[in-house]
Amino acid sequence: MAQSEARVILQRVEGVLIVPLPDPMHDAFLDELRPSVLEYMRDHPISGLILDLSGVEALDEHDFERLRRVADGVTLMGAPVVLAGMKPGVAAGLVLLDVNDSWVIPSLSVEAAMERLR
């Protein structure tokens, strides 16, 4: 797998950390996501994390669980996590898989998530 497929992009906007998620989501990306976000939080205070799923066409229960682990770590460090831009087909697929979504704070877009975190 190429190095670029595992690259985690962290964007800070008005104190909120935004992470665009790739499609497809490779294990290498998910392996790097949690430590990258938590290391950033250690060095820079944030008021929230937005995981931008607007480019994701499919998400399985394994990947969703790994996103939950990221959210758990961020929440334990004191910042809320919002999943933004999830496509209807992705949401429907997760419902069919009967995943535990009790941890999810949803938002239709990154812009709406920013408003929610202000």
Side-chain angles (χ1 to χ4, degrees):
M1 176 174 305
Q3 176 81 9
S4 63
E5 291 176 330
R7 186 163 181 240
V8 174
I9 298 169
L10 305 175
Q11 303 169 325
R12 185 183 174 118
V13 178
E14 297 176 15
V16 174
L17 191 60
I18 303 169
V19 180
L21 302 180
D23 186 60
M25 234 180 302
H26 296 283
D27 281 338
F29 175 84
L30 291 166
D31 290 344
E32 185 60 31
L33 178 61
R34 186 167 177 247
S36 293
V37 169
L38 295 179
E39 182 178 319
Y40 185 91
M41 287 183 72
R42 182 190 67 212
D43 299 331
H44 307 87
I46 63 169
S47 58
L49 170 68
I50 298 172
L51 296 175
D52 179 6
L53 287 104
S54 61
V56 176
E57 296 292 333
L59 193 61
D60 64 22
E61 55 197 320
H62 170 75
D63 294 344
F64 192 70
E65 173 63 19
R66 297 205 47 200
L67 292 178
R68 183 196 57 79
R69 289 183 201 152
V70 172
D72 285 350
V74 171
T75 302
L76 283 172
M77 289 183 70
V81 178
V82 178
L83 297 184
M86 186 180 294
K87 295 183 177 173
V90 174
L94 292 172
V95 168
L96 288 174
L97 291 172
D98 196 28
V99 298
N100 176 4
D101 64 355
S102 62
W103 61 275
V104 174
I105 300 173
S107 183
L108 291 175
S109 66
V110 171
E111 294 81 10
M114 288 292 293
E115 288 296 320
R116 187 174 200 147
L117 293 172
R118 287 192 181 127

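None of the values given here were measured: they were computed from a predicted structure.
- The number of heavy atoms from other shown groups lying within 6.0 Å of CG (Leu97) is above 12.
- Counting only heavy atoms from C-beta outward, the side chains of Lys87 and Val56 never approach each other to under 4.5 Å.
- Counting heavy atoms from C-beta outward, Gln11 and Leu17 have side chains that stay 4.5 Å or more apart.
- Across Glu61 and Val99, no two heavy atoms sit closer than the pair CB-CG1, 3.7 Å.
- In this structure, the separation between CG on Leu67 and CG on Leu33 is 6.5 Å, given to the nearest 0.5 Å.
- Pairs engaging residues 73-85 under the side-chain hydrogen bond (donor to acceptor under 3.5 Å, both in side chains) rule: none recorded [sequence neighbours left out].
- Ser109 meets the side chain to side chain contact (heavy atoms under 4.5 Å, CB included) test with Glu111, Ala112; sequence neighbours excluded.
- Applying the side-chain hydrogen bond (donor to acceptor under 3.5 Å, both in side chains) test to pairs two or more places apart or on separate chains, those with a residue in residues 35-44 are Glu32-Ser36.
- Residues passing the side chain to side chain contact (heavy atoms under 4.5 Å, CB included) test with Arg66 are Asp27, Leu30, Asp31, His62, Arg69, sequence neighbours excluded.
- Residues Arg12 and Ile46 have side chains in contact (heavy-atom distance under 4.5 Å, counting atoms from C-beta outward).
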Can you give me every donor-acceptor pair (side chain of residues 76-86, partner residue at least two apart or in another chain, under 3.5 Å) with its distance?
none

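- Evaluation of the side chain to side chain contact (heavy atoms under 4.5 Å, CB included) rule for Val13 yields Ile18, Met114 as partners, not counting sequence neighbours.
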As a quick check of understanding, evaluate side chain to side chain contact (heavy atoms under 4.5 Å, CB included) for Leu59 and Leu21, giving each step before the final call.
CA-CA 11 Å; Leu59 193 61; Leu21 302 180; over 6 Å; no
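- Nearest heavy-atom pair across Asp60 and Leu94 is O-CD2, 4.4 Å.
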For Val19 and Ile9, run side chain to side chain contact (heavy atoms under 4.5 Å, CB included): C-alpha distance rounded to whole Å, both residues' side-chain angles, the deciding distance at 0.1 Å, then the answer.
CA-CA 6 Å; Val19 180; Ile9 298 169; over 6 Å; no
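- Taking both residues in full, the closest heavy atoms of Asp63 and Met25 are given as OD2-O, 3.8 Å, listed atom of the first, atom of the second, then distance.
- The distance from atom CG of Leu53 to atom OG of Ser107, rounded to the nearest 0.5 Å, is 11.0 Å.
- Pro20 approaches Phe29 most closely through the heavy-atom pair O-CZ, 4.1 Å.
- The shortest non-hydrogen separation linking Ser47 to Glu14 is OG-O, 4.3 Å.
- Taking hydrophobic clusters as Ile, Leu, Val, Met, Phe, Trp and Tyr residues chained together by side-chain heavy-atom distances below 4.5 Å, Leu10 does not share a cluster with Ile50.
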